[in-house]
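Just so we're clear, the structure is a prediction, and the values are computed from it rather than from any experiment. We're numbering straight along the sequence, starting at 1.
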Amino acid sequence: MVDQASDKSNCALRKINNGWWVNHSVRSVVTSPVIGEMAADLLSVDKISLWHDQIIYKPGQGATSTTTTSTSHATHPTSCALDQLGNVGWHQDYAFWQCSDTSDMITAFIVLQDTSDINGTLHTVVGSHKWGLQKDSASFFQVDNDKLATRFAAEAEKIGAEWRDEEAVLKSGQVVFHHALTFHGSGPNFKASPRKALAIHLQPGGTRYKAGSYHQSVKDLGPNPSPGTLFEGPHWPTLFDRTTTGADRVD
């Protein structure tokens, strides 16, 4: 068995996009109408379809002897370099999704084991979905979270907002939702076992292609898509449609 704390090649975060294409179990969760209805209620819309999913695997560093209250979540002992800790840098999802004509998108994040700071849980910044798209917030792969927090907090202060992040303490199988403009990130997994999660990225019905920015979903529209082309069809299945289910909207 490989000691992940001493094998630096085994430290980095792994993620797989569109796992639902090849795994029936993942597909059944990713296309769940229950998830879809909750997302529709949170966005106050009638229809929700899939944007894409991500299976996320954060290897364990195998070092659990020290506790921390730091929001950078990176002070436990480990042999892995900073750029290999499995950190997810503070970022806004819509910074990567600007090919969509709406930022009003949402993610359902499901953990597959009990999850807290000790194994690198999700953190979100309270109220940041109201700040608009911030400059240079496509920072998923920038792993120095202290540096990122300092920079984005300074920008938040300019608009009278406060940088205050919250830890998502979750039991296995629980789900937490965040808006596409919510700043979020995570720190290392200091347990010996991996932290596994499923991120289900969702869009409201009627979402259209906006030219000028690339994302993997654009290629699924076919060659030379026109601005205004709907993101609909087999690559973006509908999870929930209130107009066909008759379900009441919860605002």
Side-chain angles (χ1 to χ4, degrees), residues 11-18 39 42-43 51-59 70-74 81-100 102-111 115 117 119-159 161-168 170 175-189 195-203 207 210 212-218:
C11 293
L13 184 81
R14 283 88 154 162
K15 63 186 182 74
I16 300 171
N17 292 339
N18 287 317
L42 288 167
L43 291 181
W51 182 238
H52 70 92
D53 74 63
Q54 291 178 318
I55 300 169
I56 304 171
Y57 179 97
K58 183 177 290 194
S70 168
T71 56
S72 67
H73 333 304
L82 175 62
D83 63 350
Q84 296 177 318
L85 281 173
N87 288 7
V88 172
W90 291 111
H91 67 284
Q92 293 175 299
D93 286 337
Y94 187 64
F96 297 96
W97 300 345
Q98 294 179 68
C99 63
S100 163
T102 178
S103 62
D104 213 17
M105 303 167 82
I106 196 167
T107 293
F109 185 80
I110 303 173
V111 297
T115 308
D117 265 353
N119 57 344
T121 194
L122 176 75
H123 275 238
T124 55
V125 176
V126 178
S128 57
H129 65 294
K130 300 177 181 178
W131 300 353
L133 182 62
Q134 296 296 299
K135 182 181 178 182
D136 298 328
S137 61
S139 39
F140 183 103
F141 298 103
Q142 298 178 36
V143 296
D144 189 337
N145 276 330
D146 280 337
K147 184 177 180 180
L148 287 171
T150 298
R151 172 158 64 89
F152 290 129
E155 293 301 313
E157 189 175 355
K158 293 177 182 178
I159 59 173
E162 177 188 4
W163 183 274
R164 180 165 57 91
D165 78 84
E166 286 188 338
E167 173 191 6
L170 301 167
V175 59
V176 62
F177 289 82
H178 63 266
H179 192 273
L181 290 174
T182 297
F183 271 101
H184 58 289
S186 65
N189 171 13
R195 192 220 72 181
K196 294 172 281 187
L198 177 61
I200 308 171
H201 304 305
L202 303 166
Q203 60 177 336
T207 299
K210 182 180 70 175
S213 179
Y214 181 76
H215 182 268
Q216 64 178 36
S217 293
V218 175

Do any N or O atoms from the side chain of [X] and from the backbone of [Y] form a donor-acceptor pair under 3.5 angstrom?
| X | Y | result |
| --- | --- | --- |
| Thr150 | Asp146 | yes |
| Asn145 | Ser186 | yes |
| Glu167 | Asp117 | yes |
| Lys58 | Asn87 | no |
| Gln98 | Ala95 | yes |
| Asp53 | Ala199 | no |

_Test log, rule side-chain hydrogen bond (donor to acceptor under 3.5 Å, both in side chains), inputs Lys210 and Thr102_ = CA-CA 9 Å; Lys210 182 180 70 175; Thr102 178; over 6 Å; no

Distance from [X] atom [atom1] to [Y] atom [atom2], nearest 0.5 Å?
| X | Y | atom1 | atom2 | value |
| --- | --- | --- | --- | --- |
| Trp51 | Asp93 | CH2 | CG | 11.5 Å |
| Gln92 | His179 | CD | NE2 | 10.0 Å |
| Ser100 | Gln203 | OG | CD | 6.5 Å |
| Leu181 | Lys130 | CG | NZ | 12.5 Å |
| Glu162 | Ser128 | CD | OG | 12.0 Å |
| Ile55 | Ile200 | CD1 | CD1 | 10.5 Å |

For the pair His52 and Asn18, evaluate side-chain hydrogen bond (donor to acceptor under 3.5 Å, both in side chains) and give the outcome as yes or no after the intermediate values. CA-CA 6 Å; His52 70 92; Asn18 287 317; 4.9 Å; no

Mind telling me whether [Y] and [X] have parallel, tilted or perpendicular rings, with 30° and 60° as the class edges?
| X | Y | result |
| --- | --- | --- |
| Phe183 | Trp131 | tilted |
| His123 | Trp90 | perpendicular |
| His91 | Phe140 | perpendicular |

**Item:** Qualifying residues under side chain to side chain donor-acceptor pair (under 3.5 Å), relative to Asn17, sequence neighbours excluded
**Value:**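 Asn17: side chain to side chain donor-acceptor pair (under 3.5 Å) contacts with Gln54, Gln216.
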
query = Residues in side chain to side chain donor-acceptor pair (under 3.5 Å) with His129, at least two apart?
reply =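 With sequence neighbours excluded, His129 shows a side chain to side chain donor-acceptor pair (under 3.5 Å) to no residue whatsoever.
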
**Prompt:** For His184 and Thr182, what are the C-alpha separation, side-chain angles and deciding distance, and is it a side-chain hydrogen bond (donor to acceptor under 3.5 Å, both in side chains)?
**Reply:** CA-CA 6 Å; His184 58 289; Thr182 297; over 6 Å; no

Side-chain heavy-atom pair Phe109, Val175 within 4.5 angstrom cut-off:
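No - every pair of side-chain heavy atoms lies 4.5 Å or more apart.
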
The test is side-chain hydrogen bond (donor to acceptor under 3.5 Å, both in side chains); show your working for His201 and Thr107 and say whether it passes. CA-CA 4 Å; His201 304 305; Thr107 293; 2.7 Å; yes

